[in-house]
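Worksheet for the structure shown next.
The analysis underlying the following values was restricted to heavy atoms, covering all of them including side chains, and did not include hydrogens, waters or symmetry mates. Per chain, numbering begins at 1; letters A, B, ... match sequence-line order.
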Protein chains: 2
Amino acid sequence: MQETLTRDGTVPLHTQIAEALRVQIQNDQFKENLPSERELAERYAVSRMTVRQALQKLRLEGLIYNERGVGTFVNNRKIDVHTRNLNGFSEEMISLGLRPSSLVLTFRRELAGPDVMRDLGLGAGAEVFYLERLRLADDEPMAFEKTYLPAYLFPKLDKFDLTKNSLYRVLGENYDSRMHHAEEVLEAAAAPKRIAEQLGVRGGAPVLVVHRVVFTESHQPIESAHTIYRADRYRATFYLSKNA
Amino acid sequence: MQETLTRDGTVPLHTQIAEALRVQIQNDQFKENLPSERELAERYAVSRMTVRQALQKLRLEGLIYNERGVGTFVNNRKIDVHTRNLNGFSEEMISLGLRPSSLVLTFRRELAGPDVMRDLGLGAGAEVFYLERLRLADDEPMAFEKTYLPAYLFPKLDKFDLTKNSLYRVLGENYDSRMHHAEEVLEAAAAPKRIAEQLGVRGGAPVLVVHRVVFTESHQPIESAHTIYRADRYRATFYLSKNA
DNA sequence: ACACCAGTTTGGTCTAGACCACTTTCAAAA
DNA sequence: TTTTGAAAGTGGTCTAGACCAAACTGGTGT
């Protein structure tokens, strides 16, 4: 059996192999154990190192794991909902089978405050877009989100309708600005009255606050966001690994 | 310049190189940009692929980043405290410059409940050690922790003094059971009265609840823990990356 | 039945190259 | 002086092997 890969150099082979394996894993094509690395190398007609690079990607996601001298296995532990991969709110809700929508409460250009300046690496006097949204999942309030974006990177951003479109899609398609990595700080808090009202919970109810700074591949910070989730509707799941 | 590596096969070369680089980075030996991969390969007398493997480790931690065609750079963004790597409470506090201690409130052998059975992959009727500890940092209450461990894996665990010793050190040194990866679920909650009293906060105060299941390298779950942190003293920081 | 041992298979590590795409540099040309 | 364009340097990808350690497999001898 010889699979077909695109070899025009547009997409790395290890990425293609990882995606192909991901699909097969999700379709339960391998009951539990994957073919050996050497067999996969032969099947895709690539070097074993390339196969290992593909497997590493999936391993880092916790999708598979290896046992030395035994083989590679699918991790059947049902990863809980709300796994935090590097997606926006819209994508995250969709992957949970929920319909995301947004209510734009505020959208204006303003002077960056000190915290935002630090997060986004801006100098004094720099301007940012400030976006305040109520995030809904199946029309139920899920989170209250404050987003700051450097104004100089996204001219005329206010021309877009962010009620329907994912912010990250707008940034990617119109400004060629794609998220590559992020830092997140999570803390628990009591909901302030104004936000509690928007979220439909009583004042002082516990909320999960996620501060996030998103970067492009070239290490440019493009967004600083504070998302305040209802504690009764949202949990964040992470997968931690000791080695690479 | 030729660095000295141990080549007896006990420690992989890429691990040694990663550690050596980590030290040099922390000592600001490289102002901002690291030597090129080819130069590091020559310096350590290894193949470039081995150097890349070492760099990948550091990259996944967010310690360095690469720019194609330019070089490798130190990430000078001061990662906030409380970064969640795969350490236990003791190690985490020490790395923050705090002195950890514990108050063992409960330590007994008991029947595993359904949630614990699921987390630890146990069958009905299996027994676990139940450990309830108040976690202190510089003698101030920081977290309340409930830990469950499979009894059959750790016979006579109750012989050890867990007030002074890190639980993970006991498991590693006495049972050769080392943490390799973990799943964590974070949520916000209001502190129940009993726990609030222990933590020294008022009842209903926001707390960050971290559910954690820890696995060994061979995918054996060895611990299920619920840690309830004071929201005013603890935040969790994560580094997310899109690709591997 | 059982213990042992040798071969096979597996993932883990490592080599010594290669070509590519991208960025920087800097000298030659306009 | 400015522009251009080639060269050099960088990380990204990939190859075709190699040896190792751990784990399984199956036969042999007790």
Side-chain angles (χ1 to χ4, degrees), chain A residues 5-19 21 30 32-60 64-75 176 180-181 216-220 241-244, chain B residues 5-19 21 30 32-60 64-75 176 178 180 216-220 241-244:
Chain A
L5 298 179
T6 304
R7 291 192 106 100
D8 61 358
T10 56
V11 183
L13 294 179
H14 61 81
T15 303
Q16 297 180 55
I17 294 171
E19 292 313 309
L21 291 176
F30 319 113
E32 184 182 345
N33 57 337
L34 274 68
S36 77
E37 296 177 351
R38 287 170 179 83
E39 187 182 333
L40 287 173
E42 194 179 353
R43 184 178 299 189
Y44 288 105
V46 298
S47 160
R48 190 177 149 218
M49 287 298 282
T50 304
V51 168
R52 280 183 62 78
Q53 211 169 344
L55 292 177
Q56 166 122 5
K57 254 196 161 86
L58 304 177
R59 211 168 347 180
L60 288 171
I64 62 175
Y65 63 95
N66 296 44
E67 281 184 47
R68 187 199 198 90
V70 187
T72 304
F73 304 89
V74 176
N75 191 345
D176 199 41
H180 180 263
H181 61 282
T216 63
E217 185 167 11
S218 57
H219 217 61
Q220 167 76 247
S241 186
K242 192 94 184 178
N243 65 342
Chain B
L5 299 179
T6 304
R7 292 190 105 101
D8 60 359
T10 56
V11 183
L13 294 178
H14 61 81
T15 302
Q16 296 182 56
I17 294 171
E19 292 314 309
L21 290 175
F30 319 113
E32 182 182 347
N33 58 336
L34 274 67
S36 76
E37 296 177 351
R38 287 171 179 82
E39 187 182 332
L40 287 173
E42 193 178 355
R43 182 179 300 189
Y44 289 104
V46 298
S47 161
R48 193 178 145 218
M49 288 297 283
T50 303
V51 168
R52 282 182 61 77
Q53 211 170 344
L55 292 176
Q56 166 120 0
K57 253 195 162 86
L58 304 178
R59 212 169 349 184
L60 288 171
I64 62 174
Y65 63 95
N66 295 40
E67 281 183 46
R68 188 199 197 89
V70 186
T72 303
F73 304 90
V74 177
N75 192 346
D176 199 41
R178 282 163 232 291
H180 179 262
T216 62
E217 184 167 14
S218 58
H219 217 61
Q220 166 78 247
S241 184
K242 191 94 183 178
N243 65 344

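- The nearest whole Å value for the distance from the CZ atom in A:Arg38 to the P atom in D:dC20 is 14 Å.
- Backbone-only engagement by B:Gly71 is indicated by non-hydrogen atom pairs under 4.0 Å involving sugar-phosphate atoms exclusively.
- The residue among B:Pro35 and A:Pro12 whose nearest nucleotide of DNA chain D lies closer to the 5′ end is B:Pro35.
- Rounded to whole angstrom, the span from the CG atom of B:Leu13 across to the P atom of D:dC20 amounts to 14 Å.
- For B:Glu32, there are no salt bridge (Lys or Arg N to Asp or Glu O under 4.0 Å) partners at least two apart in sequence or on another chain.
- Atom P of nucleotide D:dA23 and atom CG of A:Asn66 are separated by 14 Å, given to the nearest angstrom.
- Checking A:Gly9 against A:Thr72, the closest nucleotide of DNA chain C that is more toward the 5' end is the one next to A:Thr72.
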Could you run down the sub-3.5 Å N/O contacts of the protein with nucleotides 7-9 of chain D?
{"unit_1": "D:dG9", "atom_1": "N2", "unit_2": "B:Gly69", "atom_2": "O", "d": "3.1"}

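- For the pair B:His14 NE2 and D:dC20 C1', the computed distance is 13 Å after rounding to whole Å.
- Remark: B:Arg59 engages no residue in a salt bridge (Lys or Arg N to Asp or Glu O under 4.0 Å) (not counting sequence neighbours).
- Every ring-ring contact (aromatic ring centres under 6.0 Å, His included) that A:Phe73 has, sequence neighbours left out, goes to A:Tyr65.
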Below 3.5 Å, can you tabulate the donor-acceptor pairs from side chains in residues 10-18 of chain B to any protein atom, sequence neighbours excluded?
{"unit_1": "B:Thr10", "atom_1": "OG1", "unit_2": "B:Asp8", "atom_2": "OD1", "d": "2.8"}
{"unit_1": "B:Gln16", "atom_1": "OE1", "unit_2": "B:Thr6", "atom_2": "N", "d": "2.8"}
{"unit_1": "B:Gln16", "atom_1": "NE2", "unit_2": "B:Thr6", "atom_2": "O", "d": "2.7"}
{"unit_1": "B:Gln16", "atom_1": "NE2", "unit_2": "B:Val11", "atom_2": "O", "d": "2.9"}

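- When every heavy atom of A:Glu37 is checked against every heavy atom of A:Asn66, the shortest pair comes out as OE2-ND2, 3.9 Å.
- Checked against side chain to side chain contact (heavy atoms under 4.5 Å, CB included), A:Ser36 has the following partners two or more places apart in sequence or in another chain: A:Arg38, A:Glu39.
- Remark on DNA chain C: of its neighbouring residues A:Asp8 and A:Leu55, the 5'-side contact belongs to A:Leu55, judged by nearest-heavy-atom nucleotide.
- Atom CG in B:Leu58 sits roughly 16 Å away from atom C1' in D:dG11 (whole-Å rounding).
- Qualifying salt bridge (Lys or Arg N to Asp or Glu O under 4.0 Å) partners for A:Glu67, counting only residues two or more places apart in sequence or in other chains: none.
- Looking at heavy atoms from C-beta onward, B:Leu21 lies in side-chain contact with B:Leu55 at the 4.5 angstrom threshold.
- A nucleotide of DNA chain C counts as in contact with chain B when one of its atoms lies under 4.0 Å from a heavy atom; the first and last such, 5' to 3', are C:dT13 to C:dT23.
- In this structure, A:Phe73 places its CZ atom 12 Å from P of D:dA23, rounding to the nearest Å.
- D:dG12 atom P lies 11 Å from atom CE of B:Met49, rounded to whole Å.
- Residues satisfying the side chain to side chain contact (heavy atoms under 4.5 Å, CB included) criterion with A:Asp176, sequence neighbours excluded, are A:Arg178.
- Computed from coordinates, the A:Arg48 CZ to D:dC19 P distance equals 14 Å when rounded to whole Å.
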